[in-house]
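A quick write-up on the structure given underneath.
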Protein chains: 2
Amino acid sequence: MTPSPAETRPPARAATIYEVARLAGVSHQTVSRYMADRSKLKASTSEKVERAMAELNYSPNLTARSLRTKAAYRLLALVPGSSPYFPSRMLNGAAATARKAGYHLDVVALEGAGPERTERLRRILDGGPFAGALSFVPISGTDLLQAQERIPVVVAGEYDDKMRGQGRISDGSAAQAIVEHLAGLGHRRIAHIAGPQEWPAARNRLAVYRKAVHDAGLEDGGVAEAEWSAASGYAAGQILLAKPSFTAIFAANDHLAIGAIRALHDHGLRVPADISVVGWDDHPESAFLVPSLTTVHMDLEAQGSRAMEQLLAALNPGRAPAPEPGPPGMRLVLRESSGPAPSPGQAD
Amino acid sequence: MTPSPAETRPPARAATIYEVARLAGVSHQTVSRYMADRSKLKASTSEKVERAMAELNYSPNLTARSLRTKAAYRLLALVPGSSPYFPSRMLNGAAATARKAGYHLDVVALEGAGPERTERLRRILDGGPFAGALSFVPISGTDLLQAQERIPVVVAGEYDDKMRGQGRISDGSAAQAIVEHLAGLGHRRIAHIAGPQEWPAARNRLAVYRKAVHDAGLEDGGVAEAEWSAASGYAAGQILLAKPSFTAIFAANDHLAIGAIRALHDHGLRVPADISVVGWDDHPESAFLVPSLTTVHMDLEAQGSRAMEQLLAALNPGRAPAPEPGPPGMRLVLRESSGPAPSPGQAD
DNA sequence: CACAATTATGTGATCGATAACATCGTGCGT
DNA sequence: ACGCACGATGTTATCGATCACATAATTGTG
């Protein structure tokens, strides 16, 4: 992909509110009022303004408005800089909700670690003004406090400190469904490849897995922690296979599951005949792998939208969050990679 | 991922240049000069200003600056709204280059088609001011012209109109390497699953594939066009398999290749024993599939950075583009999915 | 020492849109 | 007929940082 030289024609100078006012034969304040609430204008005045704006292809200078009103029209979404891909649909959901509330959503990657990360975050915020920020990446406590001195920040996926009465621990509940599904297939030991524990999603999946295993009276299948990648899933699979006492693996996301399947393959193990594998995320291509992957489907757009609703609620304490859109937006999708536990003779 | 309620402490009011000036005991213009070029200040004055700024944790209000200078400090990157993943690494490359040039890069998804897409683009641009835009998605001619009436726009991946002397048709050349690799393995008919042809990347890969097949004197293996997804690759694989006259498939990206491998599997065909498959993009998980995928590795960060250099060159006609960072950033990575063509008896 | 040039700093205006305050016209009630 | 209230519109000030012009201080030269 070699980009083309742009046509370097100088852009047209944007029309100002004074030019619209002159053309319409009204004051600039009337034009401003038209934009704010046209019902407050006489119909004839309103038409004159509308025509002048159309003729000049006028759009308001939002920085000027922002400066005067001290209200920012942009929201910030922070995404991981280090992972190769981030699900667009989650961002699309967040962006659509932001747009409905009248905001523009700007997506910026937050990279680095330690002081470098702190500085990077500061510089991102300097590029404001932002009305608020929605972070899809973990933010350390001190970074979060510093950011919140400037603007409201919501870290998607974090729970409030009380952890109680949260009927909506939706993120973990599907891990229970996984454990129950595998137990129903006869699996007594289920290993877990967990994501990096600074991520709430990884922590919550691990916590619910542990509880579900305990509640179902299953034996310890082992846990290995990994980064969010197939390579890391492969390495974790190798670690787990050093003690192959499990007949199923629950991987914290689909990429981890891909890596685990590869590790099993390299050990001459068949999926799911010898060991079942379950992922999370239901990437579009997961249905087409060989074997196709049993996984947790998330309505990513709804998740993104819900996260944005929380930020909007924080921006406007009087604003009622939009009603929950229905079911939790997660379901276990059964495919080829999970099947009955092998009989004891076959496991050896 | 249920987001947490934000701590709703009201953000501190940002310090203004007048407050810094008063604290430092100088005029506001001296503070401005300090920021513009501190060498023009006496050392003692410079120190006073620096101390006051640090004490007040001052950062300039960029919208006020932008309004006065009429120079935008933000660049826009347009990414696809419809594809499942957000191309983080390419954007990281672009963002780092933008940052070095003193710009903030805001990433926005461009969705929709036809008039809806045009309107969406207009609204995105209304959220400016942007100094320029770098698009990683196709933009129709009229949309592009309209955007360029406002700001310089570079569409990554498009070639200039002359298409000549472009020694750097780097995007297509790897398709030649693929065809040569497969021909070297004895494949006489190589099918191609092409991406959507409004994308320059898809067009270019198809064009170079055709030329390379012709130059190598190979027979027609068939072409099927698809969207950028595994599902679409699966469907295209089915179409190609209605006339199974090929022994290899070159898929325009890795997701297409995954779908194709699945289609072959469902037809009882083995990869690569019966049919070889080659992808493009080298997603990190591609090395861990079963079979691991032969694919084209692209240095996505370098590609993004190069695209941004082109936009910066368009913004500043006197600016020399940064030197090319070395090799083209693409190479064919051989893995398990490609192998020798089956002997004629085995192909049936 | 005086004058001119240069360096350093200060005062006021400006950018585009909205907030704040002012003015005009009309309709209604007494 | 007159006064008051309300709707509609206009004039002026403001937001924060830089531009433009003005003033003060210092340095160099004859």
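Proteins come first, then strands; the chains are lettered A, B, ... in the order of their sequence lines, and each starts at number 1. Below, all heavy atoms of this structure are taken into account, side chains as well, without hydrogens, waters or symmetry copies.
Residue B/Lys70 places at least one side-chain N or O closer than 4.0 Å to OP1 or OP2 of C/dG16. A sub-4.0 Å separation between OP1 or OP2 of C/dT18 and a side-chain N or O of A/Ser32 is present. Remark: B/Thr69 is not in phosphate contact with C/dC15, judged by side-chain N or O atoms under 4.0 Å from OP1 or OP2. Of the side-chain N and O atoms in B/Tyr58, one or more sit less than 4.0 angstrom from OP1 or OP2 of D/dA17. An OP1 or OP2 oxygen of D/dT9 is reached within less than 4.0 angstrom by no side-chain nitrogen or oxygen of A/Thr30. Within the 4.0 Å cut-off from OP1 or OP2 of D/dG16, not a single side-chain nitrogen or oxygen of B/Thr16 is found.
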Please test B/Arg120 against B/Glu111 for salt bridge (charged side-chain N to carboxylate O under 4.0 Å, His left out), starting from the C-alpha separation and ending with a verdict. CA-CA 7 Å; B/Arg120 172 80 182 118; B/Glu111 307 126 340; 3.2 Å; yes
B/His104 and A/Val108: CA distance, side-chain angles, deciding distance, side-chain contact (heavy atoms from CB on, under 4.5 Å) verdict: CA-CA 9 Å; B/His104 291 252; A/Val108 181; over 6 Å; no
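Between the CZ atom of B/Arg22 and the P atom of C/dT11 there is a distance of 14 Å, rounded to whole Å. Summarising the geometry, the separation between NZ on A/Lys42 and P on C/dC24 is reported as 16 Å, rounded to the nearest angstrom. If you measure from atom CZ of A/Arg33 to atom C1' of C/dT18, you get 10 Å, rounded to the nearest angstrom. The distance between atom NZ of A/Lys48 and atom P of D/dA8, rounded to the nearest whole Å, is 14 Å. Atom CG in B/Asn61 sits about 16 Å away from atom P in C/dG16, given to the nearest Å. The nearest whole Å value for the distance from the NZ atom in A/Lys40 to the P atom in D/dT9 is 13 Å. One interatomic measurement links the two molecules: CD of B/Glu47 to P of C/dT9, which rounds to 12 Å at whole-angstrom precision.
Comparing D/dG10, C/dC15, D/dT18 by their closest approach to the side chain of B/Leu67 singles out C/dC15. Distances were taken from every side-chain heavy atom of B/His28 (C-beta onward) to each of D/dT9, D/dC21, C/dG12; the shortest belongs to C/dG12. The side chain of B/Arg68 lies closest to D/dT18 when the candidates are D/dT18, C/dT9, D/dT9.
Note on B/Leu41: only backbone sugar-phosphate atoms sit closer than 4.0 angstrom, heavy atoms only; bases stay farther off. Note on B/Thr63: nothing from the nucleic acid sits closer than 4.0 angstrom, heavy atoms only. Within the 4.0 angstrom heavy-atom criterion, no nucleotide atom of any strand lies near B/Val31. Residue contacts shown for A/Ser66 are absent, as no nucleic acid heavy atom lies under 4.0 Å away.
Applying the 3.5 Å distance criterion, the base of C/dA19 shares a donor-acceptor pair with the side chain of A/Gln29.
Minimum interatomic distance between B/Ile17 and B/Ser32 (heavy atoms only, all atoms of both residues): CD1-N, 3.8 Å. Of all heavy-atom pairs spanning A/Arg74 and A/Tyr103, the tightest one is N-CD2, 4.3 Å.
Taking 4.5 Å as the limit, every side-chain heavy atom of A/Gln310 sits out of range of all side-chain heavy atoms of A/Leu134.
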